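Below: the structure, in structure tokens.
A note on names: the letters A, B, ... follow the listed sequences, proteins ahead of strands, and every chain is numbered from 1. All values derive from a computational prediction rather than experimental measurement.
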Protein chains: 2
Amino acid sequence: MNANIHIVEDEQSIVTLVEYNLSKEGFKVNSSTNGEDGFKAIKDTNPDLVLMDWMLPDLSGVEICKLLKKNEKYKNIPIIMLTAKGEEEDKVKALNIGADDYITKPFSFPELLARIKALLRRSKPSVAEDIISFGDLKIDRITRKVYRANKQIDLGPTEYNLLDFFIKNPKRVYSREQLLTNVWGDNINVESRTVDVHIRRLRQAINLEGTKDLIRTVRAAGYSLDN
Amino acid sequence: MNANIHIVEDEQSIVTLVEYNLSKEGFKVNSSTNGEDGFKAIKDTNPDLVLMDWMLPDLSGVEICKLLKKNEKYKNIPIIMLTAKGEEEDKVKALNIGADDYITKPFSFPELLARIKALLRRSKPSVAEDIISFGDLKIDRITRKVYRANKQIDLGPTEYNLLDFFIKNPKRVYSREQLLTNVWGDNINVESRTVDVHIRRLRQAINLEGTKDLIRTVRAAGYSLDN
DNA sequence: CAAAACTGTTACAGTTTTATTACAAAAATA
DNA sequence: TATTTTTGTAATAAAACTGTAACAGTTTTG
């Protein structure tokens with residue numbers, strides 16, 4: 001498991017708890033504490049799954065859910081709604097507005113985890129799977145080994161994370177900023193040009209003599225794993 | 001034998017008895033006295049085998065069994081159902097809902113043990129076996145002796161446990177935290193750096209002059225038994 | 001075509017992570 | 001209880017990795 005999860009929740013205690021536990025499970029977690037920021041961050045970072053409070057300051061979780069599900073580009077991001085009241089009625093409503101699952105507070109972490117995993121397995125096998133391939137490039141998250149044309153490749157931690165991120169959404173172009181937040185983490189302070197250097201290192205490691213560069217540079221936009 | 005077994009049973013006398021005897025056999029045993037807790041604990045600790053009462057307060061054993069067998073992640077955990085009545089009909093029912101074996105109370109401990117071993121041998125050879133190898137490294141759980149290239153090696157208790165854990169999932173990378181909780185135990189207070197020292201001791205003991213290090217360091221991730 | 005904007009590459013200093021060692025305290029054993 | 005073994009930690013050394021800056025090269029724009 002190596003998915004990016006975005007939490008939109010104004011109760012700091014829940015954010016802290018969930019963030020801590022999900023990180024321990026190997027997820028990359030980002031969070032926002034209000035609807036406005038949350039919506040922006042989701043569009044920006046394209047998480048693999050969203051955990052969202054039902055009620056939120058300003059833009060409500062319900063609204064965001066509707067907006068996302070209406071948008072072709074984001075409609076496939078699974079959304080789990082969190083709510084304080086355990087009314088059946090709300091559950092129906094949640095599913096109606098397009099949420100993929102629904103969990104009532106207080107919830108146990110294992111329960112949340114089970115639901116997250118189930119959703120991910122369904123919606124994004126490439127994120128949930130332990131072994132992913134792209135062409136003759138293979139990455140094994142259990143052994144943390146990377147192969148190109150069946151030959152093992154050594155990657156440093158950052159290059160490994162970068163590749164792991166790229167391979168979840170091949171061909172998609174990510175800006176340096178998106179790569180920084182998704183691979184490096186949220187409130188980190190790193191020059192965006194630093195991405196270039198790691199891209200170079202990754203290229204050097206995964207590209208084979210005489211074959212096409214697996215990483216495509218998109219001028220003024222960013223990079224993508226492509227062929 | 002070195003498997004984790006979880007018991008879900010509300011009769012304390014049975015729990016105590018079975019727990020005591022299984023521990024003596026080398027199993028790690030945990031137990032819950034009601035269905036709710038049991039289900040949670042099983043999902044949480046992912047035991048190698050479950051021993052479950054047919055009738056339970058709140059969530060019944062039958063229900064838990066069904067739930068587990070429906071879940072991709074837990075469906076392979078072997079389940080032995082315990083029941084007071086020895087009716088053939090129940091046996092059929094048990095097997096129908098996915099239980100792997102069925103034993104009626106009162107039962108003799110040797111009988112239970114035989115069934116447990118049989119199931120484990122079938123489902124998880126690496127856990128059930130008394131002698132496990134990885135390459136020319138061999139570990140005998142009965143005599144608690146370790147061999148490399150047929151020559152016996154002396155290991156301290158912690159190094160032995162570490163190796164025993166590694167060898168169950170060779171090549172898999174474990175973080176220091178995972179190693180601490182799995183080898184040292186759950187609520188223990190040990191510096192994660194201490195793992196490094198024991199890794200060194202283990203390396204020193206099992207590695208042969210002039211051969212590749214059997215333990216792989218994965219920077220920013222942990223260690224694995226590899227070659 | 002020149003200027004501007006953007007990307008590629010390199011080297012290196014600084015940082016982080018891991019390895020190794022020695023040692024005192026704790027635990028097991030005789 | 002004395003002796004031996006094992007343990008965890010802290011300190012230091014070594015190795016690996018990272019980020020930046022500088023400059024070269026390339027592409028786009030005016």
Side-chain angles (χ1 to χ4, degrees), chain A residues 144-146 152-166 173-207 209 211-226, chain B residues 144-146 152-166 173-207 209 211-226:
Chain A
R144 246 184 126 87
K145 286 181 179 175
V146 177
Q152 203 208 313
I153 286 168
D154 278 326
L155 291 184
T158 308
E159 281 71 61
Y160 178 91
N161 291 336
L162 197 53
L163 177 59
D164 188 289
F165 178 70
F166 270 130
V173 177
Y174 293 100
S175 70
R176 293 182 177 74
E177 272 63 33
Q178 285 177 312
L179 291 172
L180 281 175
T181 60
N182 283 291
V183 176
W184 274 254
D186 219 355
N187 0 7
I188 205 101
N189 214 52
V190 173
E191 290 288 322
S192 79
R193 291 301 309 277
T194 295
V195 173
D196 296 31
V197 178
H198 285 280
I199 288 286
R200 153 132 173 89
R201 287 170 182 156
L202 181 56
R203 276 179 166 144
Q204 213 154 28
I206 65 175
N207 283 330
E209 198 75 41
T211 61
K212 199 151 161 282
D213 190 348
L214 281 183
I215 293 176
R216 182 166 62 107
T217 301
V218 183
R219 208 153 211 273
Y223 299 95
S224 75
L225 182 66
D226 209 325
Chain B
R144 241 184 127 85
K145 283 182 179 171
V146 177
Q152 203 210 313
I153 285 167
D154 278 327
L155 290 184
T158 307
E159 282 70 62
Y160 177 91
N161 290 336
L162 197 52
L163 178 59
D164 187 288
F165 178 70
F166 270 131
V173 177
Y174 293 101
S175 70
R176 294 183 176 73
E177 273 63 33
Q178 285 177 308
L179 292 172
L180 281 175
T181 61
N182 283 291
V183 176
W184 273 255
D186 222 353
N187 3 6
I188 205 99
N189 214 51
V190 173
E191 290 288 322
S192 80
R193 284 276 144 214
T194 296
V195 173
D196 297 30
V197 178
H198 285 279
I199 287 285
R200 158 144 170 79
R201 287 170 182 157
L202 181 56
R203 275 179 167 144
Q204 216 153 26
I206 65 175
N207 283 331
E209 197 75 41
T211 61
K212 200 153 161 280
D213 191 348
L214 281 184
I215 293 176
R216 181 168 67 111
T217 300
V218 183
R219 212 151 212 274
Y223 299 95
S224 73
L225 182 66
D226 209 325

- Task: Give B:Tyr160 one of three labels, base, sugar-phosphate or nothing, depending on what nucleic acid heavy atoms sit under 4.0 Å from its own.
- Result: nothing

- Task: Give B:Thr217 one of three labels, base, sugar-phosphate or nothing, depending on what nucleic acid heavy atoms sit under 4.0 Å from its own.
- Result: sugar-phosphate

- Could you tell me whether a side-chain N or O of B:Arg216 sits under 3.5 Å from a main-chain N or O of B:Tyr223, the two making a donor and an acceptor? no

- Item | OP1 or OP2 of C:dT17 under 4.0 Å from side-chain N/O of B:Arg193 | no

- Does a distance-only test, which skips hydrogens and angles, find a donor-acceptor pair under 3.5 Å between the side chain of B:Arg219 and the base of D:dC17? no

- Could you tell me whether the phosphate oxygens of C:dG8, OP1 or OP2, come under 4.0 Å of any side-chain nitrogen or oxygen in A:Tyr223? yes

- Task: Give the ring-plane orientation class for B:Tyr174 versus B:Phe165, where under 30° counts as parallel, over 60° as perpendicular and anything between as tilted.
- Result: tilted

- In degrees, rounded to 10°, what is the bend between the two ends of the helix from C:dC1-D:dG30 to C:dA30-D:dT1, using five pairs at each? 30°

- Report yes if some heavy atom in the side chain of A:Arg201 is under 4.5 Å from a heavy atom in the side chain of A:Ile199; otherwise report no. no

- Query: Do A:Arg176 and A:Thr181 meet the criterion of a side-chain donor-acceptor pair at a distance under 3.5 Å?
  - Reply: no

- Task: Could you check if a side-chain atom of B:Leu180 sits within less than 4.5 angstrom of a side-chain atom of B:Ser192, using non-hydrogen atoms only?
- Result: yes

- Message: Is there a side-chain contact between B:Arg176 and the phosphate of C:dT18, meaning an N or O under 4.0 Å from OP1 or OP2?
- Response: yes

- Note on the structure: Sorted by chain and residue number, the ring-ring contact (aromatic ring centres under 6.0 Å, His included) partners of B:Tyr160 (sequence neighbours excluded) come out as none

- Message: With nearest nucleotide decided by heavy atoms, which residue, A:Val197 or A:Val218, maps closer to the 5′ end of DNA chain C?
- Response: A:Val218

- Item | Whichever of A:Trp184 and B:Gly156 has its nearest DNA chain D nucleotide further upstream toward 5' | B:Gly156

- Comparing B:Ala220 with A:Gln204, nearest DNA chain C nucleotide closer to 5' gives the residue A:Gln204

- Item | Any N/O donor-acceptor pair, B:Arg201 side-chain to D:dG8 base, under 3.5 Å | yes

